[in-house]
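These figures come from a predicted structure and were not determined experimentally. Just so you know, these numbers use all the heavy atoms, side chains as well, and skip hydrogens, waters and symmetry mates.
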Amino acid sequence: MNGKSHSLGITYEHQSSLPRLPIPSLDDTLKKFLVTVQPLLSPAQLVRANKIVKDFQNRDGADLQKVLEEYDQVSSQTIGSYIEEFWNDSYLAPDTSVVLNLNPFFLFEDDPDAKVAKSQVNRASSLTFQSLKFAAALKNERIKPDDVKGTRLCMDQFRSLFGSCRIPKPNGEKDIVEVHTDSDHVLVLYRNQFYYFRALWPSKDGKVKVAVTEDGIQDILTSIVDDGKKINLAELSKDAIGVLTTLDRNKWALARKKLISHSEENKSALEMIDSALFVLVLDDFEPEDIHDAAANMLHGTHILKENRFDSNEENGLLASLEKLPQLSESYYQAGTCCNRWYDKLQIIVCSDGRAGINFEHSAIDGHTALRFASDIYAETVVTFAKSITKSIYTQGCPLPSIIDAEVSLDTTNGPSLDINPKKIVFDLPNDLKIDIHYAETSLGDAVKADDTHVLEFDKFGKSFIVGNKLSPDSLVQMSIILGYYRVYGEVVSAYEPVLTKRFFHGRTEAMRSTTMRAVSLCKIWTSHSSTEEAKLNALRESTKYHSMLVRESAAGRGVDRHLYALKCITEKNNLPMPEFFKSEAWRALNHTVLSTSNCGNPALSLFGFGPVVPDGFGIGYIIKDSSIQYSISSKHRQTKRFADAIHQTLLEIRALLKPLRSQSLGYHQNKNLRQVVTPDLGTHSGYDAFVGETSKVPETNYDRSPSFVGRAKLVRRSSSVRSTSSVNMEEYC
């Protein structure tokens, strides 16, 4: 499995040198397990947990460890790691809808070009064009491999980024992910209608080229929008086949089978959808605010409208309803929730130009999707910069492109490529229209149950945190745990995925942020008798310990994946399930109320996903240099109240920490009169109000120039915190 594959370029050139994910020792994992579950258990429960862990260690555990190690050795040529098969199954086996349960979303920052930013067609054309360049570069293996501080990361997930589709399987079979390596077309959804256009030249001499320009894509999308408006939305909603991808997987598999068996046209249409590079979704919707934008990227909008017909339309409707009495209600779905295909990578663009991504998660993680999103957004920035400087650099622009891809419209050396858009039309039997109706009503309940709220905190960000010698990610994790504690008065199981891509086919390890040090922080922070120094010390201790656990997880020495693999190897070999995996301690750890993830950079405004348990919160966050963005989702919980508690916690943290630096203000060439001015520059940093004081020095000469020297310094409320002079930025990232 680690052998070299053929290489056209650089993307996968380091794959064979990546180490295999290690299996931790059973003793180490079980010791860490007890430490991990301690904050979640009562003293009596902890006693029982110690006993059941000891029994597992001395009996079933040792035998299962040997079975797992043998499995890892035997499968080393066919499977990338000891956890790969089991972790893939954890995504593909459950019979639950992927909407709100699996697919995450990104929300892009606005386009830097004002002419593009507010135009749906222009923004969609720009993102599609850059995505096609990325796809061509990836097919040519010209995408530079990921690395973190010089450590090379596995690039295997990029093989499933384009041309892939999750395929539902019936009767308890797990889903599969099909990857169409020769994919060359883009699927477009607009008002529940499907279109496609070819966009990549077939590989010639081992090189793939983009076959359409950005202006050409604008023309294509304009014609699609013009055509898509011809049919009444009420009529289109009855045939919104995309909503079937929101069903539980077995139901979707049966509906898909029914669709294929009905006609060859349907089979061909599905093949065209499955094999598309990606899906471009054009939403006929303008979000009112950032919360609406986040919710639309996560699950679309739910807007019911009343059917209104003239007499002829009404007679036709009544005739059709005699055959389909299930559809006899007087409302239709006018929202965007049906204008999706959740089994594929989707780029979503609203009518006001706001754009984002919703991606199928079973084959790729957030880090892979982020690289794609970052590169295409960065290329739009470079493109805009080149448009500004093109009149200056007439002999060639010195600004380098981010994506190494060639665009060619030349057809002189071969056949032409038909890039004109084509509409996909399904032949839907009546029983499938009923399936669509019930899929929409079921999705409506899920969308109505979701409460997504965005917290945009702009008082400080990464620079301020690192300047105070704290880990940004660890501090945000503590803000989440503290925020929950101050609302509900308890700590709960929290999950943070940590990247393990330094290993061959590595994905993530679970880091459990709710530690005993985090519990101590919560109690100290919310106590009226605690001093500022005690609070700060507790914050430093909890974040320091969290950072240590992150490093262990990144090295493959976590708790969750190892124990999960032992449970799965038990099932794989049809062995009796040990009592350990039925214990209250195991259940407490795996009931993840706070499912969190840190994924983002300046290309993104938001990142988010749904909760993983009914009483949980899904919390995606992005830490920027001077701000922190949280997207928080729950089902019927007090999401805004929770977000407000996090906001208050961040303000209190800011009040305890030091600003990055002090500024000294002076006046040019005057040595005669000095005046010391001590303003507080913290009006933007949460410090004291302006304080001024003046002390004069006797004059010896007089002139009319400003006759004093000013010195500015920051005044702290508390003297218990020392300022920092210089910080290694990388050390605390």
Side-chain angles (χ1 to χ4, degrees), residues 98-100 102-112 116-131 134 161 186-190 221 242 277-301 335-361 364-381 447 450 452-456 597 599-610 618-622 624 629-633:
V98 298
V99 184
L100 286 166
L102 188 61
N103 286 28
F105 78 88
F106 294 151
L107 180 67
F108 283 112
E109 290 285 3
D110 289 343
D111 194 280
V116 174
K118 299 303 180 183
S119 166
Q120 181 181 48
V121 167
N122 290 354
R123 186 79 193 274
S125 302
S126 173
L127 290 172
T128 299
F129 181 60
Q130 306 306 342
S131 298
F134 192 98
L161 181 60
V186 176
L187 183 71
V188 183
L189 266 69
Y190 179 63
L221 297 185
L277 288 162
F278 56 88
V279 184
L280 173 63
V281 177
L282 302 178
D283 275 347
D284 202 4
F285 168 72
E286 183 173 335
E288 290 186 5
D289 52 34
I290 192 70
H291 313 290
D292 277 353
N296 188 59
M297 297 303 162
L298 179 60
H299 51 59
T301 62
T336 64
C337 59
C338 298
N339 193 46
R340 299 285 185 273
W341 197 267
Y342 283 102
D343 289 342
K344 294 182 68 68
L345 171 68
Q346 301 177 97
I347 299 175
I348 304 169
V349 185
C350 299
S351 55
D352 65 351
R354 278 194 257 198
I357 289 175
N358 183 294
F359 62 94
E360 203 285 309
H361 194 8
I364 64 172
D365 293 318
H367 185 266
T368 302
L370 177 62
R371 170 67 188 278
F372 161 62
S374 301
D375 278 16
I376 65 172
Y377 184 84
E379 190 72 10
T380 65
V381 175
V447 172
D450 174 67
T452 295
H453 186 83
V454 173
L455 168 59
E456 296 182 289
S597 185
C599 185
N601 63 24
L604 301 184
S605 173
L606 291 174
F607 156 63
F609 47 88
I619 309 164
Y621 57 94
I622 300 175
K624 298 188 178 182
Q629 278 76 29
Y630 301 74
S631 177
I632 309 174
S633 296

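Residue F607 comes nearest to S597 through the heavy atom pair CE2-O, 3.5 Å, listed as atom of the first residue, atom of the second, then distance. Heavy atoms only, all atoms of each residue included: F285 and C350 are closest at O-CB, 3.2 Å. Here the closest non-hydrogen pair linking Q130 and T380 is CG-CG2, 3.7 Å. Residues Y630 and L606 come closest through the heavy atom pair O-CD2, 4.3 Å. Residues S131 and L127 share a closest heavy-atom pair of OG-O, 2.7 Å. Of all the heavy atoms in Y377 and P112, the pair that sits closest is OH-CD, 4.1 Å.
Results of the side chain to side chain contact (heavy atoms under 4.5 Å, CB included) test with L107 over P287, S631, S605 single out S605 as the only residue that passes. Exactly one of N103, I364, L161 qualifies for a side chain to side chain contact (heavy atoms under 4.5 Å, CB included) with F359. That residue is I364.
With contacts defined as side-chain heavy-atom distances shorter than 4.5 Å, the pair E360/L102 qualifies. Counting heavy atoms from C-beta outward, T452 and I632 have side chains that stay 4.5 Å or more apart. Under the 4.5 Å side-chain criterion, counting only non-hydrogen atoms from C-beta, I347 is not in contact with V279. Between Y190 and D284, the closest side-chain pair of non-hydrogen atoms falls below 4.5 Å. Contact check for V349 versus V281: no side-chain heavy atoms found under the 4.5 Å cut-off. Taking 4.5 Å as the limit, every side-chain heavy atom of M297 sits out of range of all side-chain heavy atoms of N358. Put simply, the side chain of Q629 does not reach to within 4.5 Å of the side chain of L455, judged on heavy atoms. In this structure the side chain of S126 reaches within 4.5 angstrom of the side chain of D111, judged on heavy atoms.
Atoms OG1 and NE2, on T368 and H361 in that order, are 10.0 Å from each other to the nearest 0.5 Å. To the nearest 0.5 angstrom, I376 atom CD1 is 12.5 Å from F129 atom CZ. The structure places CD1 of I348 at 10.5 Å from CG of L282, a figure rounded to the nearest 0.5 Å. How far CD of Q346 is from CZ of F278: 12.0 Å, rounded to the nearest 0.5 Å.
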Evaluate the side-chain contact (heavy atoms from CB on, under 4.5 Å) criterion for residues L280 and L189: first the C-alpha distance (whole Å), next the side-chain angles of each, then the deciding distance (0.1 Å), finally the verdict. CA-CA 6 Å; L280 173 63; L189 266 69; over 6 Å; no
Show, in sequence, the C-alpha distance, side-chain angles and deciding distance for S374 and N601, and conclude whether the side chain to side chain donor-acceptor pair (under 3.5 Å) test is met. CA-CA 8 Å; S374 301; N601 63 24; 2.5 Å; yes
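No side-chain donor-acceptor contact under 3.5 Å links D110 to the backbone of R354. No side-chain donor-acceptor contact under 3.5 Å links D365 to the backbone of H367. For the pair T336 (side chain) and T301 (backbone), a donor-acceptor distance under 3.5 Å is present.
Using a 4.0 Å cut-off between charged side-chain N and carboxylate O, E109 and K624 make a salt bridge. One finds a salt bridge joining D283 and R340 here, because a Lys/Arg side-chain nitrogen approaches an Asp/Glu carboxylate oxygen to under 4.0 Å.
F372 is linked by a ring pair (Phe, Tyr, Trp, His ring centres under 6.0 Å) to F134, F162, counting only residues two or more places apart in sequence or in another chain.
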